[in-house]
Amino acid sequence: MQATGPGCLHSVVLGGAGPAMAASVSSVIPVMMVFLVFQRQFIAALANSGLK
């Protein structure tokens, strides 16, 4: 299904996107957990890569 932003928002408001929203949230949670655990190392690596 291809839709524009307002079309997608309309389907979410009407409740037609429940499984898709659940799938997207459940796929984002592990990525956020890994980022939160390794946040200091990630930021330090980005800061050190820009320095000469």
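Since the model is a prediction, treat every value here as computed from it, not as a measurement. Residue indices begin at 1 and follow the sequence shown.
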* Sequence-distant partners of F38, ring-ring contact (aromatic ring centres under 6.0 Å, His included), two or more places apart -> none

* **Exercise: identify the closest heavy-atom pair between P30 and S27** => CD-O, 3.7 Å

* Between F35 and L46, is there a shared hydrophobic cluster once you connect ILVMFWY residues whose side-chain heavy atoms come closer than 4.5 Å? -> yes

* **Side-chain cluster (under 4.5 Å, hydrophobic types only) that M33 belongs to, other residues** => V25, I29

